[in-house]
Every structure is written in C-alpha cells, then in structure tokens.
*Asks:* 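Quick one: the structure is below, and I'll ask about it shortly.
Below, read A as the first sequence line, B as the second, and so on, with proteins coming before strands; counting in each chain starts at 1. Worth saying up front: this structure is predicted, and the values here are computed from it rather than measured.
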Amino acid sequence: MTAPGYNASEIMTVAAARRLNDGAVCFVGIGLPSTAANLARLTHAPDVVLIYESGPIGAKPKALPLSIGDGELAETADTVVSTPEIFRYWLQGGRIDVGFFGAAQIDRFANINTTVIGDYARPKVRLPGAGGAPEIAAMAKEVLIILKHGRKAFVEKLDFVTSAGFLDGGDARERAGLPGRGPTAVITDLGILEPDPVTRELTLVS
Amino acid sequence: MTAPGYNASEIMTVAAARRLNDGAVCFVGIGLPSTAANLARLTHAPDVVLIYESGPIGAKPKALPLSIGDGELAETADTVVSTPEIFRYWLQGGRIDVGFFGAAQIDRFANINTTVIGDYARPKVRLPGAGGAPEIAAMAKEVLIILKHGRKAFVEKLDFVTSAGFLDGGDARERAGLPGRGPTAVITDLGILEPDPVTRELTLVS
Amino acid sequence: MAEILSLREAVARLVRDGDTVALEGFTHLIPSAAGHEIIRQGRRDLSLVRMTPDLIYDQLIGMGAVKHLRFSWGGNPGVGSLYRFRDAVEKGWPRPLAVQEHGHADMANAYVAGASGLPFAIMRGYVGSDLPHYNDQIRTVTCPFTGEKLAAVPAIRPDVTVIHAQKADRRGNVLLWGVLGVQKEAVLAAKRSIVTVEEIVDELEAWPNACVLPRWAVTAVALEPGGAFPSYAQGYYKRDSWLYQAWEEISREREPFLAWMRRHVMETDDFAGFRRVLDETRRSMAA
Amino acid sequence: MAEILSLREAVARLVRDGDTVALEGFTHLIPSAAGHEIIRQGRRDLSLVRMTPDLIYDQLIGMGAVKHLRFSWGGNPGVGSLYRFRDAVEKGWPRPLAVQEHGHADMANAYVAGASGLPFAIMRGYVGSDLPHYNDQIRTVTCPFTGEKLAAVPAIRPDVTVIHAQKADRRGNVLLWGVLGVQKEAVLAAKRSIVTVEEIVDELEAWPNACVLPRWAVTAVALEPGGAFPSYAQGYYKRDSWLYQAWEEISREREPFLAWMRRHVMETDDFAGFRRVLDETRRSMAA
C-alpha cells in the first residue's frame, strides 16, 4: 500500500489532513497530528483553527513546530492563554470540534494506552503517561487517532486504559456519560479504520 | 471633635490612612477607602499596594478614582487581571493584608449589613447588596471599616448580616473558621473604634 | 462564527423574550447601546444577570422588561441608589422583580464555571453571612481530601451575553484590554453572544497574551462607537460622570423616568440618536 | 517581597531537603539553570511536581535527588523516552521513585486550586480511564445542584516553585509572555518561589493585562540569561533541539549518564560553566 516516493508517515499525514473540514476547531497533539493539521490548513482548509495544549489559539505556523509550545505557535496565534484556561474554558467548555492525537497502543474499541506496558506497579515499559489525552478523548466532539500499525500497537486487551474510546463497545461510551462522539477514525500506515456504527468495533475502510 | 477647616469625611480619611503600613497589600473599596489608601500611598506609605476588585493590581492613580474600575487605575497598575482572578488568586489565595471598605449598618461586633433595612422579602430599604465584602471580610488578614456615625449606622441588631465581623463576639469568628483576623478598626467621623481583645465588642479608642 | 451585523439586527435575531441575558462590563465597557436596543425592541420577561446592575439595568427594570435578576451589587456607583430597581423590589412596580442575590466572588466564580462547562463552582465564602439563608442556590460541598466545607454555587449559563469591546477585525475576532471584569467568561458561558465595538479594523494588532475572543467563539459583532457611554472605553473616551449624577433625579420618580425614557430611548432610532437628544437635554439644563 | 539574589544563594536559602518542589515551564521557559543548581547543591528526598517532566527532571531523578513525582506526561518531547525516569520506575535505580500520576487537565486545575487557596479542584475527567484505579488522589464529588459526578483532585501546594521568565525590574516585579503554561499558578500556589530571568531592567514596560508577578508575590529573583536552555525564551533565543536529541544517547545507560553529569554539571560552577563545557563536548562530537 506504500506509494513510490512517499514514506508511511507522509501517507498517514495526508490521509489524516483530509479528514479535517475547513473551519473545524482542532485540539492538536505534537508530531503527526500537528503536521497533518497544518497540512490541512495550508491546502484545503485555510480556516481550520489550531489549538495547542500549551496555550496558543489559532496558531498559523509557517514552519512545522517541533514541540507543543514552540515560539512559532505563540507568535502566529490569535492569542496565547494559560494552560489551565486551555483545558478549562476551551476544551472542557465544549468548544473543540476535533481532538487529534497519537497513541502507543489501541484496542478494537479505540481505547488507548499511553501509560504502561505490563503491570502498573512493576511495568515492563513505562510510557510517558496521559498528558491531555483523557480529557481530549472525552470532550472533543470527535477524535482522530494516528498511529503506526503493528502487533504491539493493536492489541486484544490493553494493559492500561489511559483514554476512553468506546469502552466495551456498543453504547458503552454514551452510557458512561462521555460528552464527545469519540473516535471517528484511526489513521495508520496500512489504512484507515472507522468504528462500526453499532458495535463500535474498528473496521478497515480504506 | 471637628477641627476647623476640615470636614468629617476628610478627618475620617486621614485617620484611616494612618492605619495603613508601608508595603501592606490593600484590597480597597471605592469612595473613602480608596481615598484613604491613596492618601497613605502619597504620604507615609509609598509602597502600599492597592488592589481593586475590578482587576488592577498595584494601582498608583494620580487623580482619585471615581469608580472601582477607572481607567486611571488600569493605566497606572502593575497589571490588570480579570475579576475572577482577583477574587480567586489574590483574595481567596490569602494574599491581602488589609481589606478596606465602607458600610451602611454595623453592630457592636463589627458585623455589617449592606443588603436590606427591614424584612428581606419585603424590605423597607433595598441597599446595594454584598459586592465583594463578604469574602474581603472573611479572607483579608485584617479589615478596616469606614462609616459615618449615627443612630441608623450603629444598631443593636442588624436586619441582615451581609459580611461577618466577630459574629456573636468572643472567639465566634475563629470557631466559624474564618481565615482573616477580622476588623481591627472602625473609623467614623466621631472617632475610632477597636474590638475589645476578649469580647471583641467595639470600643471607642480615640 | 461571528457575523458582523447592525446592533438592531443582532438584538432582533439573538435576544428573545424570556431569555436569560447577561450584559457585563465592570465599570469599564458597559454595553449601554445594546441595553437601549433591547428596551427599544420591547423584549419582555427577561431574566437578567449582572454583577453590578447599574443605570442600564435600572432602565430595563423600570421599563418592565425584567422578571428575574441574578446580581451581587445593585447601586449607582459613587452616587447612591438605583430607584427603579428599588421600586421593583420594594413595591413591585412596574412588575414584581424576583432577585437571586450573590456576592461578587461567587458571581465571578459562577461565570468561570459556566465558561468551563462545569455545573457549579466551589469557593471559600459566606461563612457568617445571612445570604445563604435567603438564597437556596448557595449550597455547600465537602472536600473529599480534607473534609472542609466549601460554598458551592451554580454555573451561570446565559442564553445571550452582551459585552462592549474596543476592537474587532473584519472577520469578527474581538480584542479588549484594561479592566476586563468577567466579560470573557460571560461570553464563553453563554449560548449566544453579541459584542459591540468601538471600531472595526483590518488587523487587531493584539500584543502577546491579550484578551482576544476568536470569531468562532462569538455570535455577532456590531459596530457601535461610544456604545459604552456613560461608562468609559480605555483608549477611546473617559467616563462621563454627569449622567450617573443626573440619574439620581431622572430615575427617582416613576413618571419623570418614563417620560425621560420615552424621549431619549423609545423615540430615538439608535444610540447616536440617544446621544444627540441627551446633549440637547443637557444643554437646556445648563442654560 | 522579592529579593534579587544569585541563583546559588536563592537555591541555598529556599530549596531544602525533603521539600515539595515544582519546576514549571511548558516547553517554553523551562528553568534548566535552576534545576542544575539544585543538583549541584546536592538536595535529597525531593518530592517533585511537574506536568511535563523532561530532561531536567530526568537529571534530578537519575542523580538520586527525588523520592516522589507528581506528573502528567513524562517523555523527551519529539524524541522518545526519559531513560532515567524509566530506570527509576522500572528498576528502582538509583532509588525507587513513587509516582502520583494525573492528566494535564487535572494538574492544571490542581495548580489553579493551589493558587486560589482551595483544597481541591473539580473537573470533568477520567470517565472510562484506569488512572483513578491506580491513584487514590483522584476522587469524585457530586454537584449539589444537578447530581452530576465530577472528578476531584487535591490542590498542588509546593514548598517552592521555580520558574524562568523573560524580565524582572530592579524591584523584583516579573514579566513573562508567550506560552505561559502553568507558571503563574505554580508560583502563586507555592509557599516560596524563585524566578530566574533573562534580564533585569529599569522598567518592565508591560503591555495591558500582561502576565506580571508583582514583587510581593515572589520570594527571590535571580539573573540567569540563557537559563531556559535547551528550551527557548520568546524574544531571546530559540529551542536548541540538539541536546534533546543527544539526551537519548547520554541518558540511556547509567554510567555514561553519571559521567556526563559529573563533567557537565557537578564539576562546573554554574550554568554558564555548563554551557561552556557542553559546547566543548559538542564540538568534539562534531569533529
């Protein structure tokens, strides 16, 4: 599925960028999500609004940022607010259309693990942890997830649920009272997965 | 007790100004408290810090402000923050040395009424209400109160307790868990009252 | 996404009979022009919210547009009473006014909760005060870590918030500065919002960390220079104390108040018209 | 009232063994110079707090200064793991590290609660997440108005907070701008604070509503130009990605890490000395 002249990351980035509608307000994680969101902004979606958890609102970077709080983001933003304000007024306030982040491990109901591999108290691998993901996954009207495919990435059962997707599937997410619709697509180097409308199990769509 | 050439308000203002130590952080209400605090700043206490509930921190007005949120306050302040921040980070955060405000009615334990005269549901006189006073009275390390003396101002029993002084007297204030020390002086046109160290009843001291 | 509309159209479209409406502005940037337009368009049964109801709320109340008021300090700052507010509370004229009374710290926290998508706010407050005995919307929660009891107050979630700001750009992004009060929180807490501005510019030229409301967080922007009169707009004009002083006389009795409102508000087309007639009145009083 | 001190003296006076210490800076303005000075002065048994522990916390942990960490994302941003943090958690080297793990929203709210004198913060969070099962400091409260259950987290109240800012004036007032993270809240939540700055000026020349920490809300200010390296200081210098990349190799194994720390931190007098030796290392690697 790899086109000549493009690497897997580039293909994922392009596929992810296409999912963003013009004018959407996106809460973007660093790395591929940020690259994809900026690609969308520079092509078909000039009015996409980029919000970073470090504080920039409406960032319009000319160079791709290396970190979530680059100077380039602050200088090109409509304004920069404090990190508490970002999480309180802008994310929890229900103003985010699309939450867009990466993941280390995912299950078939798009729940995500970014905390530990193995037992929490004695982990085999200590991953970075939650960051902003649990609340982005909960509050954004929809969620896009980017990750590289592989045995380690897609697992039957997560060692740790850091951020909720569709929990046990079906209407479990709604029943739990999570405000956002949850993941609408998981974009990988091998294709795009979407949740089945009823079971909410991830299904390959392209 | 009125010195020739000075009116009652001026005497109260001077007396109140003298109670402010240099460097004290003062949360000031508009009117006489603001006038007194600025008089202190322009005379013996150049480093007194004036905070207004509208947002200015470290205001150094050249002209006396007419309202609690005058442009002069904003322009001369170290910075201006939002009103929620003033009440949350600066007052409730325990950073205020002296809370300084006026009152319509006071009892002998320095509790204050600025809400209604008469019954709450069918008031004889509807007063402006609480404003910032209940939390200033609770949180500031000490409180100064300015008001004009008179039968209507000093009453045996308040129709409504808007802001707590020493409640029923004695150690009632400490038992209620109020963080600040409470009123240390009530400055009137007829003299200065201070709470008795034990009963906390207001007593004329000068 | 903010639309740039006339104030008349913004009020016609966005403020409805029975709405909960917050007009905010703490001394600075009080949205007087918008308040007049709501009166002129005859809105009824409003539930108003405002920390410091002053002249503009006295007018709305005296004109019978208001059934409920959530507030924390109702006076004519530096002058005295709000007679129309008092008449409604004390005598029920022109209609009874239900009041839900809080303190400033509480109202500020309640707007923050509204902007933050929370149902309530917690604060240290009201210990020893009678207010919670008369307002069942002031309750307590217990800290699950320390066992301390704190005051809890419900979030403010207006149907419409109206504020006045210094500038918008042509796309509808809004910039305000100086005394900010609770304006940003009040807009973000509301379902819909109207921002009147002193000017509309090509570029906001906001400094770092400025108080900017992005256009997608605002419903309508209306150009209304001088729209905060008689309060002030930092960088544009100063407070005009005359009308605050004069309000004492204008508002004290019912009939003179109604006559004044007819002449200055109901029979003028807009805020510019109000200002012209008011200047005539003022000159004739000085003469 | 802020005293202007050398960084060495500020750390000597204000950071004590066993303290709860927050060094904050969200990508921007990371107080690296202060972190090194804490290591150089051999502080032990620290409970560290930081939303995004990165190189400087990896160094403190790897040098055995830390017994407890409250955090929400521990990685080398854009590069990969923090190997010293992982070694402490996975293998207990050089000493076991107790972790109290939260999410970003939670930490940000907990700093706000600390700055606000509240014992806890409420938020919508953690529904469906396993974190509350492993952290008994994430609890719930029920809204007394709607009956909704919300997450509750304890306020952060550090003994000392350390941040880096762009400017102070000679009286100790501090100005920062750009990405502000949680720095203001972290300072206001703490009992004591140290602010290192790029420069000390006669006048801050802050614009309206700027993020200013008044001198009476800060304990010590220390001049430390470049003190946020390898992160950036808006208006002064850019992020230096090289050290973040190189950290992968420097920190992966215990002995090379210790040797690097000895040469670059323990055997240098100050951050300027560190920068000189690091430049030598870098040139020799390039050669």
*Asks:* With sequence neighbours left out, what residues match B/V14 under side-chain contact (heavy atoms from CB on, under 4.5 Å)?
*Replies:*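 Partners of B/V14 by the side-chain contact (heavy atoms from CB on, under 4.5 Å) criterion, ordered by chain and then number, come out as B/R18, B/L39.
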*Asks:* Would you mind checking which part of B/V125 comes under 4.5 Å of any heavy atom in chain C, side chain (CB onward), backbone (N, CA, C, O), both or neither?
*Replies:*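 Contact with chain C: backbone and side chain both.
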*Asks:* Working to the nearest 0.5 angstrom, can you tell me the gap between C/D58 CG and C/W247 CH2?
*Replies:*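 These two atoms lie 6.0 Å from each other.
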*Asks:* Tell me whether C/E253 at atom CD has more than 12 heavy atoms from other residues, nucleotides or ligands lying less than 6.0 Å away.
*Replies:*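 At most 12 heavy atoms, drawn from other residues, nucleotides or ligands, come within 6.0 Å of this atom.
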*Asks:* Is the distance from the ring center of C/H104 to that of C/F26 below 6.0 Å?
*Replies:*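 Distance test on ring centres: under 6.0 Å, yes.
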*Asks:* Any residues in residues 79-87 of chain C near chain B, with a heavy-atom distance under 4.5 Å, and which are they?
*Replies:*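 Those residues of residues 79-87 of chain C which have a heavy atom under 4.5 Å from chain B are C/F85, C/R86.
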*Asks:* Among C/E198, C/E199, C/Q166, which one satisfies side chain to side chain donor-acceptor pair (under 3.5 Å) with C/Y236?
*Replies:*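 It is C/E199; the other options fail the test.
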*Asks:* Between C/E205 and C/K167, does any side-chain N to carboxylate O distance fall below 4.0 Å?
*Replies:*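 Salt bridge flag = no for C/K167 with C/E205.
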*Asks:* Output the option from C/G128, C/G103, C/S231 having the highest count of non-hydrogen pairs under 4.5 Å with chain B.
*Replies:*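 Top count of heavy-atom pairs under 4.5 Å with chain B: C/G128.
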*Asks:* Checking C/F71 against chain B: side chain, backbone, both or neither under 4.5 Å from a heavy atom?
*Replies:*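 C/F71 touches chain B through side-chain heavy atoms alone.
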*Asks:* For C/S129, which residues count as a side-chain contact (heavy atoms from CB on, under 4.5 Å) partner, sequence neighbours excluded?
*Replies:*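 For C/S129 the side-chain contact (heavy atoms from CB on, under 4.5 Å) partners, ignoring immediate neighbours, are C/Y126, C/L131, C/P132.
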*Asks:* Is the NZ or CZ atom of B/R19 positioned over B/F100's six-membered ring, under 6.0 angstrom from the centre and within 45° of the axis?
*Replies:*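 Relative to the ring axis of B/F100, which defines the angle, B/R19 lies outside at least one limit.
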*Asks:* Examine whether an atom of B/E75 lies under 4.5 Å from a heavy atom of chain C, and if so say whether it belongs to the side chain, the backbone or both; otherwise answer neither.
*Replies:*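 Both parts, backbone and side chain.
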*Asks:* Looking at B/P179, B/G132, B/P134, which makes the most heavy-atom pairs under 4.5 Å with chain C?
*Replies:*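 Top option by heavy-atom pairs under 4.5 Å: B/G132.
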*Asks:* Thinking salt bridges, do C/R239 and B/E72 make one under a 4.0 Å N-O criterion?
*Replies:*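 No salt bridge links C/R239 with B/E72.
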*Asks:* Quick one: what part of B/T162 sits under 4.5 Å from any heavy atom of chain C, side chain, backbone, both or neither?
*Replies:*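 Contact with chain C is through the backbone of B/T162 alone.
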*Asks:* Please flag which part of C/V127 lies under 4.5 Å from any non-hydrogen atom of chain B: side chain, backbone, both or neither.
*Replies:*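 For C/V127, heavy atoms of backbone and side chain both lie under 4.5 Å from chain B.
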*Asks:* Heavy-atom pairs under 4.5 Å with chain C are the metric here; pick the option from B/A130, B/G177, B/A164, B/S163 that has the most.
*Replies:*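 Top option by heavy-atom pairs under 4.5 Å: B/A130.
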*Asks:* With a 4.5 angstrom heavy-atom cut-off, could you sort out which part of C/M51 is near chain B: side chain, backbone, both or neither?
*Replies:*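 Only the side chain of C/M51 comes within 4.5 Å of chain B.
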*Asks:* Does C/A110 have any side-chain contact (heavy atoms from CB on, under 4.5 Å) partners at least two apart in sequence or in another chain, and if so, which?
*Replies:*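 Scan of C/A110 (side-chain contact (heavy atoms from CB on, under 4.5 Å), adjacent residues dropped) gives C/R70, C/D106, C/V153, C/I156.
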*Asks:* By a 4.5 Å heavy-atom criterion (distance strictly below it), what part of B/R122 contacts chain C: side chain, backbone, both, or neither?
*Replies:*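 Neither; nothing under 4.5 Å.
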*Asks:* Where on C/H102 is there a heavy atom nearer than 4.5 Å to chain B: the side chain, the backbone, both, or neither?
*Replies:*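 Just its backbone gets close to chain B.
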*Asks:* Ring centroid separation for C/F229 and C/Y237, is it under 6.0 angstrom?
*Replies:*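 Ring centroids of C/F229 and C/Y237 are no less than 6.0 Å from each other.
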*Asks:* Below 4.5 Å from any heavy atom of chain C, which atoms of B/A176 appear? Answer side chain, backbone, both or neither.
*Replies:*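 Answer is both: backbone and side chain atoms of B/A176 are under 4.5 Å from chain C.
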*Asks:* Knowing that exactly one of B/L73, B/V48, B/D78 qualifies, which makes a side chain to side chain contact (heavy atoms under 4.5 Å, CB included) with B/K60?
*Replies:*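 Going through the options one by one, the only one that passes is B/D78.
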